[in-house]
Every structure is written in C-alpha cells, then in structure tokens.
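Data block below; observations after.
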Amino acid sequence: MLLSFRRAYFVVALAITGFGAAAQAQEALRVAASPVPHAEILEFIRPQLKAQGVDLQVKVFSDYVQPNLAVSDKQLDANFFQNRPYLESFTKDRKSDIVEVPNSDVHIEPFGAYSQKIRKASELRESAIIAIPSDPSNSGRALTLLAKQGLIKLKDPSNIKSTARDIVANPKKLVIRELESAQLPRALPDVDLALINTNYALEAKLDPAKDALFIEDGRKSPYANFIASRKDNVSSPAIAKLVAALHTAEVRKFIQDKYKGAVIPAF
C-alpha cells in the first residue's frame, strides 16, 4: 500500500512539474531595431513581455535596409526603426511584403541640422557643403527642412518627397551632397552642415535639443516610427502583445525622461 501511494505521488508530481514547465514556455519574438532609441525602448519592455509568455529577442542593425530584408526573408518577425515615408519608398523600390502593424506608432524623432563650423544657419557661406541622407524619404525630409529655414526654395514646399531637382531657388548656391544616413555624423568635420536623423545623432552623442542649429517641429510630423512586419505575420498574438506593451504610460514616461524632447511619444 505504501509503495502504491508513493508511486501515485510521483506520477502526480511529474504532472504538476510538466504543467509548470508548459506554463513557463516562452514564445520567441525576434525584432530588428536601430540601436537608439528603438532597441533601448524594446529592452525596457522585455520584462513585461516575458511575464506574458513572450521572449523578446532584439537584433540591432546600424542601417535602414537590412531590418526590412531580414523580416521579409523570415529571419526575424518584425522591426522597429522606420516611418511611413521610408517604408513606402522601400516597398516601391524593393517590391517588399513589409507592412505597417496597424495603430503601432511609438515615437517621433524630430530631424535636425548640425554643424561643427557655424553656430546658426545665417552664417552659411556661399557654396557651403550641405550633407543630407541619400534615401528618398529622408532626403525629401531634409530638403523640406532647409526650405523652411529659407535656405532654398522648392517647387512644392508641401511635398515631403521632393528631390534636389525640385529646388527652384538656391541663393547661396549651396552644394547638396547625399550620404548614407549612418555616415552623416562622421561627415560633420568635412561639411558645413549635416541634416541627421535623430537616432544617428543620439548614437553620436549629439543632443538635438542643444546641438541642433534648427530642428523639425515634432508636434506636426508624418514621421512617426512604428512596428512593421510581413503581411502573413502582422496580426500575430505576439506582435499584438508587443504593441500593447509599447503603448503604456510607463513607456511614455521612459521616453520623456530618457530623451528629454529629442524623442517624442506618438501615442
């Protein structure tokens, strides 16, 4: 009788242990992100997702092309680094299946102009060299910001996809040079002015609030950064949990406290 009781106890114990292990099973969610601020924000919510059964694995990329390719190739599940104009341009050029996860806006990074040679835009000399991003969405964004400062005039000032061909007036004969976005901070010593995406500015230890000669109005911007995935994965439960975790008062406070206006919550 005692032996039977022990055997039954052992079976029950195994069942309980198995149930506990199943309850603790984690679903992996692999997300590509730029180092700052995207990966930092994702790391902040990792414990919350773990408690919900999601093992958030953040893969950091330093460029704007590989994160979409990695998701499209199913190496990763989603990414967090881009805005709508960039995704539209990428999808058009690459025939990509990457789409925006609905209602997943997280933050806005106001785009700024930086210089190691001048302190204000009015000091720009004739034929000064201006470095801007080379990808179509961000080059248009840079040209729009230059136009708002009165440094150039564009054919259609409201067209955020303007190119250098759309410049109709350039009083100072500014020389516009297009560089890959990640290279812009390193180019600062060699140019008169560089228009730099905030994530790369922060990586380069630039403080947009203090160091930018002029900067976008973050309150009125079509450039919110969001979660993107493949069409076949955009509605997965794990991604829904990711978006919900990003849209909390704690994340809003984290963004406000850590980035002090250089990054602005968009939810």
Side-chain angles (χ1 to χ4, degrees), residues 25-50 52-109 133-141 160-161 178-186 196-200 202-203 222-247 251 263 266:
Q26 297 278 301
E27 177 183 0
L29 179 62
R30 302 161 301 169
V31 181
S34 296
V36 181
H38 309 79
E40 294 176 341
I41 296 172
L42 291 175
E43 291 294 343
F44 178 74
I45 64 168
R46 185 197 292 272
Q48 181 181 342
L49 287 173
K50 184 176 182 180
Q52 298 177 40
V54 177
D55 175 20
L56 178 61
Q57 301 173 8
V58 182
K59 173 68 174 177
V60 176
F61 289 85
S62 61
D63 73 301
Y64 287 161
V65 176
Q66 294 305 314
N68 276 337
L69 296 181
V71 174
S72 184
D73 293 342
K74 297 188 177 182
Q75 298 175 31
L76 301 175
D77 302 305
N79 61 48
F80 175 34
F81 76 100
Q82 64 194 319
N83 55 52
R84 288 178 187 85
Y86 180 83
L87 179 57
E88 289 171 4
S89 174
F90 183 92
T91 301
K92 180 180 178 181
D93 292 343
R94 303 265 182 163
K95 312 300 181 190
S96 170
D97 62 346
I98 302 297
V99 296
E100 175 185 350
V101 175
N103 303 311
S104 65
D105 287 358
V106 178
H107 70 265
I108 297 165
E109 302 170 20
S134 57
D135 64 274
S137 62
N138 282 309
S139 62
R141 186 178 186 181
I160 61 174
K161 297 182 180 179
E178 295 187 353
L179 299 174
E180 184 182 346
S181 294
Q183 297 178 0
L184 288 165
R186 295 193 294 272
I196 304 175
N197 298 76
T198 292
N199 61 305
Y200 289 125
L202 291 172
E203 283 183 53
Y223 296 102
N225 285 209
F226 52 80
I227 304 300
S229 186
R230 297 181 306 278
K231 291 179 181 178
D232 66 352
N233 195 47
V234 72
S235 299
S236 77
I239 288 181
K241 291 178 182 178
L242 171 66
V243 173
L246 287 166
H247 286 179
V251 170
V263 180

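Outside the 6.0 Å centre-distance limit, the rings of Phe61 and Phe81 are not counted as a close aromatic pair.
At least one donor-acceptor pair under 3.5 Å links the side chain of Arg230 to the backbone N or O of Val71. Using modelled atom types, no side-chain atom of Asn197 and backbone atom of Asn199 make a donor-acceptor pair closer than 3.5 Å. Side-chain atoms of Thr91 never come within 3.5 Å of backbone atoms of Glu88 as a donor-acceptor pair (strictly under, hydrogens ignored).
Going from atom OG of Ser89 over to atom CZ of Arg84 covers 15.5 Å, rounded to the nearest 0.5 Å. One finds the OG atom of Ser72 at 10.0 Å from the CZ atom of Arg94 (value rounded to the nearest 0.5 Å). Interatomic distance, CG of Asp77 versus CD1 of Ile227, reported as 12.0 Å (0.5 Å rounding). Here Leu87 contributes atom CG and Ser96 contributes atom OG; the two are 7.0 Å apart, rounded to the nearest 0.5 Å. A distance of 6.0 Å separates CG of Asp135 from OH of Tyr86, quoted to the nearest 0.5 Å. For the atom pair His247 NE2 and Leu242 CG, the distance stands at 9.0 Å (nearest 0.5 Å).
Between Asp232 and Lys74 there is a salt bridge, since at least one side-chain N of the basic residue sits less than 4.0 Å from a carboxylate O of the acidic one.
Looking only at atom types and distance, the side chain of Asn138 has no donor-acceptor partner in the side chain of Tyr223 under 3.5 Å away. Counting only N and O atoms by type, the side chains of Asp55 and Gln57 include a donor and acceptor under 3.5 Å apart.
Across all their heavy atoms, Ala238 and Glu27 have their closest contact at CB-OE2, 3.7 Å. The heavy-atom pair separating Ala182 from Ser62 by the smallest distance is CB-O, 3.7 Å.
Between Tyr64 and Glu180 there is no side-chain heavy-atom pair separated by less than 4.5 Å. Side-chain contact between Leu184 and Pro133: present, with at least one pair of heavy atoms (C-beta onward) separated by less than 4.5 Å. The shortest side-chain heavy-atom distance between Phe226 and Val106 does not fall under the 4.5 Å cut-off.
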Could you walk me through whether Asp105 and Glu100 pass side chain to side chain contact (heavy atoms under 4.5 Å, CB included), step by step? CA-CA 9 Å; Asp105 287 358; Glu100 175 185 350; 3.9 Å; yes

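Atom CG of Asn103 has 12 or fewer neighbouring heavy atoms from other residues, nucleotides or ligands inside a 6.0 Å radius.
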Residues 32-50, side-chain donor-acceptor partners within the protein, below 3.5 Å, at least two apart:
{"from": "His38", "atom 1": "NE2", "to": "Glu109", "atom 2": "OE2", "distance (Å)": "3.2"}
{"from": "His38", "atom 1": "NE2", "to": "Asn225", "atom 2": "OD1", "distance (Å)": "2.7"}
{"from": "Glu40", "atom 1": "OE1", "to": "Tyr259", "atom 2": "OH", "distance (Å)": "2.4"}
{"from": "Glu43", "atom 1": "OE1", "to": "Arg46", "atom 2": "NE", "distance (Å)": "2.9"}
{"from": "Glu43", "atom 1": "OE1", "to": "Arg46", "atom 2": "NH2", "distance (Å)": "2.9"}
{"from": "Glu43", "atom 1": "OE2", "to": "Arg46", "atom 2": "NH2", "distance (Å)": "2.8"}
{"from": "Arg46", "atom 1": "NH1", "to": "Leu56", "atom 2": "O", "distance (Å)": "2.4"}

